[in-house]
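Okay, so here's the structure we're looking at.
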Amino acid sequence: MPDSEIAQNINIFATGAVAAAERRDPPYVSLVEHAVSGDADAFGEIYRAFKPLVHGIVLAYVPYDDAGDVVQEVFLAAYKSLHTLREKAAVGAWLVRIARNRAADHYRGTRATEELPEALCGRENRQNEAAEALDAIRTLPGSYRETLVLRLIEGMTGNEIAEKTGMTPESVRVNLHRGMEQLRQKLGIRRV
Amino acid sequence: MKNDYLWDKTGDDPEIKRFEEILAVYRHTETAPPLFAAEIAAPAMEPARRWRLSFSFAFAAAAFAAIVVAIGISLIAPRSGGGETAKNPGSISTPTIESDIAGPVDENHNVTTVPEKTAVPSHAPERQTANPLRTALRSRRQPALPSKQSIAGQRYDALTGDEKYAYGQLMLALSITGSKLKVVQDTIDRIEDPKVKITDKNR
């Protein structure tokens, strides 16, 4: 086996080992415990750490103008019921479930056309492209949709998505690549 | 490597970068954490709602108990007319009145009045058939039920078999209602107990 291939295998193994170690000692357990005991600052840290995640999940289903309100609803619901969370290390996955439920309640069965943020008013080409892209993403299956929103809109890396959602890095990677392929097909983009 | 850029932003991929630039307008904005403590600090609404729900349950249970008691009393209560009645099957309770009737004419052509107790047939037979429940009971050759006032004064041992049965049924209904009320009260207490953690399993 060539040295480069051995090095590549070692690198892959090390990456996986680090990820596994992070999952064994998740960084949010102590934050959740403090938040449950009434530490407002701890909950604030949880809010700052997971807001991109929650916002991305909500945005995958709800128009931009309503996403902010739904995000607040999600964190309020989380604040009220944080003491019921048994697996504190899975707080991210728990927030994702709440976000999905709230988004589904907010717009059940509808797929509204996107309204552009006011920042883009007057820039019609960009306006159309952004709305078209987001609408196209929202037509994808849920797992692809959410992963692409977290990556392309919220700017999270694959590892960050895996860590905060509780998914395996391999699943996230598959969702990203297959999601992008389907997005290109919908937008009629040929991969160069 | 283009694949690495999609994964961890290493390398270069113009297509992915363009998507990021276009869609960046939808990215979340950094805001301060909300102060949920103030919203949670008004617990009156939620417990009040729970109290309203629990009150409605208690009210429904109390109403059911009242209905059961009313039915029981109507079964045991006497027919109208009151008075002592013979404990004979099919006997009819008839009130008595005292009335002055014209007596014989004396030698002075004065009509004497003779007070006489006269049994006046009551309209009980009509009332008997008016209530189908009572008719059904009498068809079973039940004795005439004693008056409500006399029940209170009687000892349980003095009751007939059917009366004891009716009394027992009433007590059973009341005990069932009481147990239901207790279940409701226990549920209320469990919900209100802050030591009890409400999880998805026991929600």
Side-chain angles (χ1 to χ4, degrees), chain A residues 38 40-41 43-48 51-56 58-59 64 67-68 71-72 75-76 78-81 83-86 114 116-120 126-127 129-134 137 148-149 151-155 157-160 169 172-173 176-177 180 183-184 187 189 191-192, chain B residues 1-54 187 189-203:
Chain A
D41 291 338
F43 189 82
E45 289 298 321
I46 293 173
Y47 176 86
R48 277 184 281 269
K51 184 182 178 185
L53 172 69
V54 172
H55 186 268
V58 169
L59 190 62
Y64 176 79
V71 169
Q72 294 296 95
F75 279 104
L76 178 59
Y79 183 83
K80 288 181 179 179
S81 57
H83 62 282
T84 66
L85 178 60
R86 295 181 177 178
E114 184 58 44
L116 263 293
E118 293 182 359
L120 282 186
R126 200 79 158 186
Q127 172 179 346
E129 282 183 312
E132 185 182 2
L134 185 54
I137 290 174
L148 283 181
V149 169
R151 172 64 185 86
L152 299 177
I153 297 179
E154 301 298 340
T157 64
N159 275 326
E160 289 174 342
V172 175
R173 187 183 291 272
L176 282 176
H177 287 283
M180 278 305 303
L183 181 61
R184 291 188 190 101
L187 294 175
I189 298 173
R191 180 77 168 156
V192 178
Chain B
M1 295 175 63
K2 293 179 180 179
N3 287 344
D4 284 342
Y5 185 81
L6 179 61
W7 174 249
D8 58 7
K9 300 183 181 180
T10 58
D12 186 28
D13 190 327
E15 179 193 51
I16 304 299
K17 284 186 177 178
R18 178 163 175 75
F19 272 115
E20 288 177 317
E21 291 170 3
I22 292 172
L23 294 168
V25 291
Y26 296 117
R27 188 171 296 178
H28 77 283
T29 53
E30 296 289 338
T31 57
L35 298 175
F36 289 136
E39 298 186 39
I40 304 299
M45 292 305 297
E46 196 145 329
R49 184 168 61 182
R50 289 174 181 165
W51 272 112
R52 282 197 289 272
L53 286 174
S54 59
T187 303
D189 292 340
R190 186 173 67 84
I191 291 173
E192 294 300 320
D193 188 352
K195 296 179 183 178
V196 174
K197 290 186 178 181
I198 300 174
T199 62
D200 287 339
K201 284 188 178 179
N202 63 5
R203 186 187 297 275

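Being a predicted model, the structure only gives us computed values, none of them experimental. A note on names: the letters A, B, ... follow the listed sequences, proteins ahead of strands, and every chain is numbered from 1.
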- Message: Looking at B:D4, is its backbone amide N or carbonyl O close enough to the side chain of B:K9 to form a donor-acceptor pair, meaning the two atoms are under 3.5 Å apart?
- Response: no
- Note on the structure: Across all chains, not counting sequence neighbours, the salt bridge (Lys or Arg N to Asp or Glu O under 4.0 Å) partners of A:E45 are A:R48
- Spacing of CG belonging to B:L6 relative to CG belonging to B:D13, to within rounding of 0.5 Å: 7.5 Å
- Message: If only side-chain N and O atoms count, and only distance matters, is there a donor-acceptor pair under 3.5 Å linking B:Y5 with B:E15?
- Response: no
[X] versus chain B, the contacting section by heavy-atom distance below 4.5 Å:
X	value
A:L53	neither
A:V149	neither
A:I46	neither
A:L183	side chain

- For the candidates A:V54, A:V172, A:L152, A:L176, which exhibits the highest count of non-hydrogen atom pairs separated by less than 4.5 Å from chain B? A:L152
- Looking only at A:G44, A:P52, A:A133, most heavy-atom pairs under 4.5 Å shared with chain B are made by A:P52
- Query: Looking at B:K17, B:E30, B:R18, which one has more heavy-atom pairs under 4.5 Å with chain A than the rest?
  - Reply: B:R18
- Task: For B:H28 and A:V71, run side chain to side chain contact (heavy atoms under 4.5 Å, CB included): C-alpha distance rounded to whole Å, both residues' side-chain angles, the deciding distance at 0.1 Å, then the answer.
- Result: CA-CA 10 Å; B:H28 77 283; A:V71 169; over 6 Å; no
- Does the side chain to side chain donor-acceptor pair (under 3.5 Å) test come out yes or no for B:D8 and B:T10, once each step is laid out? CA-CA 6 Å; B:D8 58 7; B:T10 58; 2.6 Å; yes
